[in-house]
There are 2 protein chains.
Amino acid sequence: MATYARIQDVAQHTGEEVTIRGWLYNKTDKGKLQFLLVRDGTGSMQCVVFKRDVTPEAFEAATTVTQESSIYVTGTVREEKRAPGGYELSVTDFSVLQIAQDFPISPKEHGVDFLMNHRHLWLRSSRQWAIMRVRATIIRAIRSWLDDNGFLLVDTPILTPAACEGTSTLFETDYFGESAYLTQSGQLYNEANIMAFGKVYCFGPTFRAEKSKTRRHLTEFWMVEPEMAFADLDECMRVEEELVAHIMRTVLSERAEELEMLERDTTLLEKIVAPFPRISYDEALEIARAAGESIEWGEDFGAPHETAIAKAFDKPVFVHHYPTQCKAFYMEEDPERPETSLSVDLLAPEGFGEIIGGGQRTASLELLERKLVEHKLPREAFEWYLDLRRYGSVPHSGFGLGIERTVSWVCGLSHIRQTIPFPRTLGRIYP
Amino acid sequence: MATYARIQDVAQHTGEEVTIRGWLYNKTDKGKLQFLLVRDGTGSMQCVVFKRDVTPEAFEAATTVTQESSIYVTGTVREEKRAPGGYELSVTDFSVLQIAQDFPISPKEHGVDFLMNHRHLWLRSSRQWAIMRVRATIIRAIRSWLDDNGFLLVDTPILTPAACEGTSTLFETDYFGESAYLTQSGQLYNEANIMAFGKVYCFGPTFRAEKSKTRRHLTEFWMVEPEMAFADLDECMRVEEELVAHIMRTVLSERAEELEMLERDTTLLEKIVAPFPRISYDEALEIARAAGESIEWGEDFGAPHETAIAKAFDKPVFVHHYPTQCKAFYMEEDPERPETSLSVDLLAPEGFGEIIGGGQRTASLELLERKLVEHKLPREAFEWYLDLRRYGSVPHSGFGLGIERTVSWVCGLSHIRQTIPFPRTLGRIYP
């Protein structure tokens, strides 16, 4: 029996006989020649079955095999410039493990609802396959960069007793007689963790029970949240731009083939190198107004404003010093202009909008206590958080980068639901 | 001003003047000499303040500074064999950022409840610090090994419409008018993902609303779940032992200092190299009975049985071919002995018990349909899962490794609650 090989490794087996284990993706029948497009999860490859080269049973099997049937294909790996990927298999043996009858997703167009109902099968399609491979690379790039730059992974809890930013968009569950909520952010816990570990990050699922039906919202999404002791707003921006530039470099070098499958214009991605432009909220407001958007000082930017602002740049742009009233209770005020905060959002170009939110956190116990009152938050639930300002408070900063929005941007997708294997949206929790 | 340095990097600054930013961990007052033990999250270091070397203000500050106050310490790095870590700082300047009053956790003994209520501060203690550093290294080792061995990270959903293994231990939440449950395992989704990507893993939080109050249970815990198309039970065990051996190698080489702080006997860990012994359930049953445990064929092993079985080996031991009735509906039956399943658990030595559960999954549509009926599971919720057997079913295997139990074992801990930053147990969801 021939050696098993993965399609992504076939170049190493040129001239050898190997067995590919996979599924039939597509097929062209030319009589005595059957052109099988086979995928095995690592890639796809053209396998040519010539009647005279195989047994009658194997040829019959190759002629009648259906889309998504599971198969073993044995043959010799040959360089073939005309084949997709540059290699093809001259088949010497073929067998079917299981015949698939009427695979629901055919090469014809399907509606989005139909595809989402068949998400467990749709993931086998080449575009979805490519997106998930880019996603995995983005996540790995983020973790590597943080690990290599002195950040310790410290997992923060999912089940929490209190809300980080208000309670209206929380999923609630009964926790042995008490109420618990699914986390919206690990940040508050990160702030405890930096006092023990210096620089940390958490990386996990977060939840918003938002009734938004937009192209940019999921109810369950993944977020990486780095947090740093002894770091100010400037340092926060520096880390953000280094991280984002590293993501882009990694994807461009490791996932060029997938980006091509997605027809992504990579010349736009190649421009994403540090440093990124930095403008204040006030400057951003001027840009939005100049683009015809009407907005008052003190209002938060919505998607149309963000698009207008980001359009002025071909790199992601930092918008800092948002009005204090726009931001969460824990955001540090600018001491010289307390109506503004030491906050910063990073807006991606091409209309993709906010991918990072962050900034410097309130270090003073007195200011934080006042903020809790102003935001009508239950002090008791935040006692432990106040402790962090009682026992060795330090200036500190951090941010949250949304994985799915980043995947959307990198892959150039029109809707966030394709960025995660099993999306959860207002109307969907199946499969 | 001197360069900022991290304590873990001080060796690179021998003879130079640097500034350490951190917290006071401990202090010894010798009159004109103040010995400060300073920690900065990356390690701790002795800093010696000699009255004649600093300003009167700095000396006064060093004399009166309290435990966990946040501080800046500037001085010259000197090799000093007697100091912990081998280096000390001859202080030239000292200042306090914030004085901490009455830090609740003093070097004296505290009760567990008190410490758990102050978990956000307890994490600063040296043992907790060491455990979390080992934990991060274990997680990184797992991800690296999987990434480097052809597994693609594919995130599975946390909010699910149906239960994987029964509904009695599920956390439920309202999902816009429907019921949703927090995942207990990503496995079923992994089985869809392998048909698209070949070999995959998910790595995230999982939940069990169990009313167990044991040393080995958390309601929220992290699990890595690799799954492989075209892999049988043997291949599953091979991957498990390679992965566990890699974890051990990595921790021993990268976290020797932390294991020493934990007073872990590393000679026991050095024995954990592949291959691991493999015994059947029937053989394991004999071992348990020989050790005086009374148990009937067909019953699952409990903690005392696992301890008795694991004691017979100084490496983790695979127990395979559990009775079909002990295992979940998706486990493949042994065709030659259908009352046993192609399942395998990995039991860690020293009484740490099960750290991995896994095996081969049912490939046949007919068998799976029958199993759903036998286990009284709602077929409608599993339609998508049945699709995986309709469209290109293949033999496949996978497993789940519990992170917290692995951390417990590697660190030699008596209770699982110290293995995760903010543990969630039957009685605890704060802080």
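From a predicted model like this one, the values you see are computed outputs, not experimental measurements. Every chain is numbered from 1 and lettered A, B, ... according to where its sequence line falls, protein lines coming before strand lines.
Your options are A:Asp147, A:Leu97, A:Asp174, and the one with the most heavy-atom pairs under 4.5 Å with chain B is A:Asp147. Among the candidates A:Lys211, A:Arg143, A:Glu68, A:Met132, the residue making the largest number of heavy-atom pairs closer than 4.5 Å to chain B is A:Arg143. Heavy-atom pairs under 4.5 Å with chain A peak, among B:Ala229, B:Pro205, B:Ser125, at B:Pro205. If you tally non-hydrogen atom pairs under 4.5 Å between each of B:Asp155, B:Val394, B:Thr156 and chain A, the highest count goes to B:Asp155. When each of B:Arg140, B:Gln67, B:Glu172 is scored by its heavy-atom pairs under 4.5 Å with chain A, the top score falls to B:Arg140. Here B:Met195 is the residue among B:Arg390, B:Glu178, B:Gln128, B:Met195 with the most heavy-atom pairs under 4.5 Å with chain A. Of the listed residues (B:Leu121, B:Ile158, B:Thr173), the greatest number of heavy-atom pairs within a distance under 4.5 Å of chain A belongs to B:Ile158. Note: A:Gln98 leads A:Lys199, A:Glu191, A:Gln98, A:Arg39 in heavy-atom pairs under 4.5 Å with chain B. Highest contact tally toward chain B, considering only A:Gln8, A:Arg21, A:Glu383, A:Arg133, is held by A:Arg21 [criterion: heavy-atom pairs under 4.5 Å]. For the options A:Gly177, A:Gly150, A:Gly41, heavy-atom pairs under 4.5 Å to chain B are most numerous at A:Gly41. With respect to chain A, the highest number of heavy-atom pairs below 4.5 Å among B:Thr219, B:Asp40, B:Val154, B:Thr42 belongs to B:Thr219.
Heavy-atom distances place the backbone of B:Ile99, and not its side chain, under 4.5 Å from chain A. Contacts between A:Arg6 and chain B at a heavy-atom distance below 4.5 Å involve the side chain alone, from C-beta outward. Both the backbone and the side chain of B:Ser393 come within less than 4.5 Å of a heavy atom of chain A. Both the backbone and the side chain of A:Trp129 have a heavy atom closer than 4.5 Å to some heavy atom of chain B. Only the backbone of B:Gln101 comes within contact range of chain A, judged by heavy atoms closer than 4.5 Å. With a 4.5 angstrom heavy-atom cutoff, A:Leu24 does not touch chain B via any of its atoms. Contacts of B:Ala363 with chain A are absent, with no heavy-atom separation under 4.5 Å from either backbone or side chain. Proximity to chain A (any heavy atom under 4.5 Å) is restricted, for B:Trp222, to the side chain, taken from C-beta onward. Contacts between B:Phe221 and chain A at a heavy-atom distance below 4.5 Å are absent for every atom of the residue. Only the side chain of B:Leu152 comes within less than 4.5 Å of a heavy atom in chain A; its backbone stays farther off. Contact of B:Phe176 with chain A is made through the side chain alone, with heavy-atom distances under 4.5 Å.
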Check: residues 419-431 of chain A side-chain donor-acceptor pairs under 3.5 Å, at least two apart:
from	atom 1	to	atom 2	distance (Å)
A:Thr419	OG1	A:Ile416	O	2.6
A:Arg424	NE	B:Leu159	O	2.8
A:Arg424	NH1	A:Ile429	O	3.3
A:Arg424	NH1	A:Pro431	O	2.9
A:Arg424	NH2	A:Pro431	O	3.1
A:Arg424	NH2	B:Leu159	O	3.2
A:Arg424	NH2	B:Tyr189	OH	3.3
A:Arg428	NH1	A:Asn117	OD1	3.0
A:Arg428	NH1	A:Tyr430	O	2.7
A:Arg428	NH2	A:Asn117	OD1	3.1
A:Tyr430	OH	B:Trp384	N	3.3

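Electrostatic pairing of A:Arg135 and A:Glu404 counts as a salt bridge here, judged by a charged N lying under 4.0 Å from a carboxylate O.
Ring orientation note: the planes of B:Tyr175 and A:Phe171 are close to parallel, at an angle under 30° on the 30°/60° scale. Using the six-membered ring where Trp is involved, B:Phe203 and B:Tyr201 have ring planes that are perpendicular, over 60° apart on the 30 and 60° scheme. Between A:Tyr391 and B:Phe103, the two ring planes are perpendicular [angle over 60°; tilted spans 30° to 60°]. Ring geometry for A:Tyr385 against A:Phe382 counts as perpendicular: the plane angle is over 60°, on a 0 to 90° scale with 30° as the lower cut.
A:Thr66 contributes a side-chain N or O that, together with a main-chain N or O of A:Ala100, makes up a donor-acceptor pair within less than 3.5 Å. B:Arg389 contributes a side-chain N or O that, together with a main-chain N or O of B:Thr362, makes up a donor-acceptor pair within less than 3.5 Å. Without hydrogens or angle criteria, B:Asp9 side chain to B:Ala5 main chain gives no donor-acceptor distance under 3.5 Å.
A:Thr160 places none of its side-chain heavy atoms less than 4.5 Å from the side chain of A:Leu182.
Under the side chain to side chain donor-acceptor pair (under 3.5 Å) criterion, A:Ser144 pairs with no residue, sequence neighbours left out.
Distance check: B:Ser95 OG to B:Ile71 CD1 gives 9.0 Å after rounding to the nearest 0.5 Å.
The heavy-atom pair separating A:Leu153 from B:Ala136 by the smallest distance is O-CB, 3.6 Å.
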